[in-house]
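Quick note on labels: first sequence line is chain A, next is B, and so on, each numbered from 1.
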Number of protein chains: 2
Amino acid sequence: MKDYTQILRNKKISPSIQRIKILEFLDQHRTHPTVDEIFTSLIPIIPTLSKMTIYNTLKIFSAKGLIKSIPNSENVGHYDFNVSPHSHFKCRLCKKVYDIDVDLGVTIGTDIDGYKVDEYNLILEGVCKECNERIKK
Amino acid sequence: MKDYTQILRNKKISPSIQRIKILEFLDQHRTHPTVDEIFTSLIPIIPTLSKMTIYNTLKIFSAKGLIKSIPNSENVGHYDFNVSPHSHFKCRLCKKVYDIDVDLGVTIGTDIDGYKVDEYNLILEGVCKECNERIKK
DNA sequence: AACAATATTAGAATTAGTCTAAATTTATAT
DNA sequence: ATATAAATTTAGACTAATTCTAATATTGTT
């Protein structure tokens, strides 16, 4: 069992019960949850929880590099506990978003035509393994 | 001057004045406009224009491959006339989004671990040329 | 010209996210 | 320990983007 309290302290974030539970939830649900999903899952545990707290908390976590917000085309924030460089694959059919490793030609810190790149987000789209098998039949 | 009417007909989209003007606007403004920007720019030309028409139109254009919606982290739709594979660079300082060419290790049509990739969106973030020059001083 | 099909429109409804000010909790200094 | 200050959480009002809906306008076809 990870010590989320300590993880927060290390980042100089005071470890309220709300913050601990939000961080734990993101670690244990690597499906890039939305604020609404986090809220719905935690409200039974913290009955007074407000969405505002989740918005605040996610903003603090992002600023401190504990989590990342991931770009998407549906106009709802999605958050990722995994901050190490990796890419996302979105299935056109089942809509799931998978983490995948892609050898990107670009490396963080490099210059491209004078543009200093310090972060990247690669979103691949297509049909996932499972759906691919399913539609073959 | 491009024949937008013909472009629409080729895609089997009936060329209403609204659709023609929206397509023309996107072609001539490669800054990844939002619905609101399109609306504000076209309302002087088509005074009865409704935002609903823009939403409908962009959905049709995307479905027919005339334009692409580009993922972002700000929860507002951005649209791109450029549908050929290319990447976006977002400047952390001036917030502008530039089109840039990056040699991605991935090619459309390939399989990565059984995932069939048919589209990608690469968003790079960092500091752009101009801002870089500016802050050096 | 009459009719059907399609597109556009305004306005209501929904949803994600922000703002604000009060209440609660936590930390600090005596 | 207690008073006080600082930080956090909360509910509810508010805003902005988007969707829904039903009426109206336009277009295409016989």
Original post:
Does OP1 or OP2 of D/dT8 have a side-chain N or O of A/S14 closer than 4.0 Å?
Top reply: yes
Original post:
For A/Y115 and B/N132, does a side-chain donor sit closer than 3.5 Å to a side-chain acceptor?
Top reply: no
Original post:
Within this structure, what is the OH-to-C1' distance between A/Y79 and C/dG17, rounded to whole angstrom?
Top reply: 9 Å
Original post:
How close or far is atom P of D/dA17 from atom CD1 of B/I54, stated in whole angstroms?
Top reply: 12 Å
Subject >> Value in whole Å for how far the C1' atom of C/dT18 lies from CG of A/L58 >> reply: 14 Å
Subject >> C/dT9 phosphate, OP1 or OP2, under 4.0 Å from B/Q18 side-chain N/O >> reply: yes
**OP:** Ignoring the backbone of A/V76, work out which of D/dT10, C/dG17, D/dT9 is nearest its side chain.
**Re:** C/dG17
Original post:
Between D/dA17, C/dT8, D/dT21, which one does the side chain of B/T57 approach most closely?
Top reply: C/dT8
Original post:
Of the nucleotides C/dT9, C/dT8, D/dT18, which one has an atom closest to the side chain of B/V35?
Top reply: D/dT18
Original post:
Are a donor atom and an acceptor atom from the side chains of B/N121 and B/H88 found within less than 3.5 Å of each other?
Top reply: no
Subject >> Integer-rounded Å distance: C/dT6 P and B/I60 CD1 >> reply: 12 Å
**OP:** Would you mind checking if B/D99 and B/R30 are paired as a salt bridge, meaning a charged N to carboxylate O distance below 4.0 Å?
**Re:** no
Original post:
Could you state the CG-P distance from B/L8 to D/dG28, rounded to the nearest angstrom?
Top reply: 13 Å
Original post:
Looking at B/T48, does any N or O in its side chain come under 4.0 Å of the phosphate oxygens OP1/OP2 on C/dT9?
Top reply: yes
Subject >> Position toward the 5' end of DNA chain D (nearest nucleotide), A/N56 or B/P15 >> reply: A/N56
Original post:
Is A/S16 near enough to D/dT9 that one of its side-chain N or O atoms lies under 4.0 angstrom from OP1 or OP2?
Top reply: yes
Subject >> Side-chain N or O of B/N75 closer than 4.0 Å to phosphate OP1/OP2 of D/dA17 >> reply: no
Original post:
Taking atom C1' of D/dA17 as reference, at what distance in whole Å does atom NZ of B/K51 sit?
Top reply: 8 Å
**OP:** Would you check if there is a donor-acceptor pair between the side chains of A/H32 and A/N72 at a distance under 3.5 Å?
**Re:** no
Original post:
OH of A/Y55 versus C1' of C/dT15: gap in Å, rounded?
Top reply: 9 Å
**OP:** Inspect the contact between A/K51 and A/D36 and indicate whether a charged nitrogen and a carboxylate oxygen are less than 4.0 angstrom apart.
**Re:** yes
Subject >> Of A/H78 and A/I17, the one whose closest DNA chain C nucleotide lies more 5' >> reply: A/H78
Original post:
Expressed in angstrom and rounded to an integer, what is the separation of A/D36 atom CG from C/dT14 atom C1'?
Top reply: 13 Å
Original post:
Where the side chain of B/M52 is defined as all heavy atoms beyond and including C-beta, which of D/dA11, D/dT9, D/dT19 is the nearest nucleotide?
Top reply: D/dT19
